[in-house]
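Both ligands and their constituent atoms are indexed starting at 1 by order of listing. Keep in mind that the numbers below use all heavy atoms, side chains included, and drop hydrogens, waters and symmetry copies. Just so it is clear, the structure is predicted and the values come from calculations on it, not from any experiment.
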Amino acid sequence: MNSKHILIVEDEDKIAALLKDYLEAQGCSVSRLNRGDEVVSFLKQKLPDLILLDIMLPGMDGMDVCRDIRKFSTVPIIMITARVEEIDRLLGLELGADDYVCKPFSPREVVARVKAVLRRAQPAVKDVVLKAGSIVLHEDTRNVTIGGRELRLTPNEFGLLRLLMANPGRVFSRGELVSRVQGYDYEGYDRTVDTHIKNLRRKISALLPGKEIISSIYGVGYRLNEP
Ligand code: CA
């Protein structure tokens, strides 16, 4: 993570200082903001490699900040929430964040997430195009279309669809999907895979009504059907 620039947006001094220490120990440079309403103007001056964004912030809520950032930038964002129950709700809101961590967290866990998200954000070397029936996925532009119409996906939904499309017919367990898409193993996140898959199916079926593209295999996991 040498020379990566991370922006921490967190009003709790202790937490921000702890994260800053850990990230700097990994060779990152760290900037910090206390208020949500300062983020967009900061980003217009200098875009970091990744943002750690707390939800409860003075000035502007972290969710609104995330939405505003996504209007002009795909910079990787990891949201910080105070409650694990909030994660499901956040996933449903489709804010376009790349990952979520829940307080209280260990700084090591956050550093692992930051590494995983930065690794995923590396641009692909060449464009790989995956096809499944009328679904076309471009890896470098992260663009997905169904019959020429754009399918708008969150980073996690895109990652899941890419993995399933690259391995049609293969059944993936939830744990496997978490570790291959998110880049780490953490059992508690199995159920968030279900939420991502549910959202992904809903979006696909809006453009491909009546077709079951992703099947759940009872007690095992998920699979992409050959169209
Ligand atoms: Ca806060």
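- Atom CZ of R202 sits in a crowded spot, with more than 12 heavy atoms from other residues, nucleotides or ligands closer than 6.0 Å.
- Applying the salt bridge (Lys or Arg N to Asp or Glu O under 4.0 Å) test to residues at least two apart or on different chains, the pairs with a partner in residues 16-32 are D13-R32, K20-E24.
- Among protein atoms, those of element N, O or S found less than 3.0 Å away from the Ca ion (ligand 1) are D11 OD1, D54 OD2, M56 O.
- Cation-pi geometry between R170 and F172 is met: the NZ or CZ atom falls under 6.0 Å from the ring centre, inside 45° of the normal.
- Here the side chains of L33 and I8 are not in contact, with every heavy-atom distance at 4.5 Å or above.
- Judged as a side-chain hydrogen bond (donor to acceptor under 3.5 Å, both in side chains), and not counting sequence neighbours, the contacts of K103 are E10, E12, D54.
- Grouped by direct or indirect side-chain proximity (heavy atoms under 4.5 Å, Ile/Leu/Val/Met/Phe/Trp/Tyr only), I217 sits with V171, V220.
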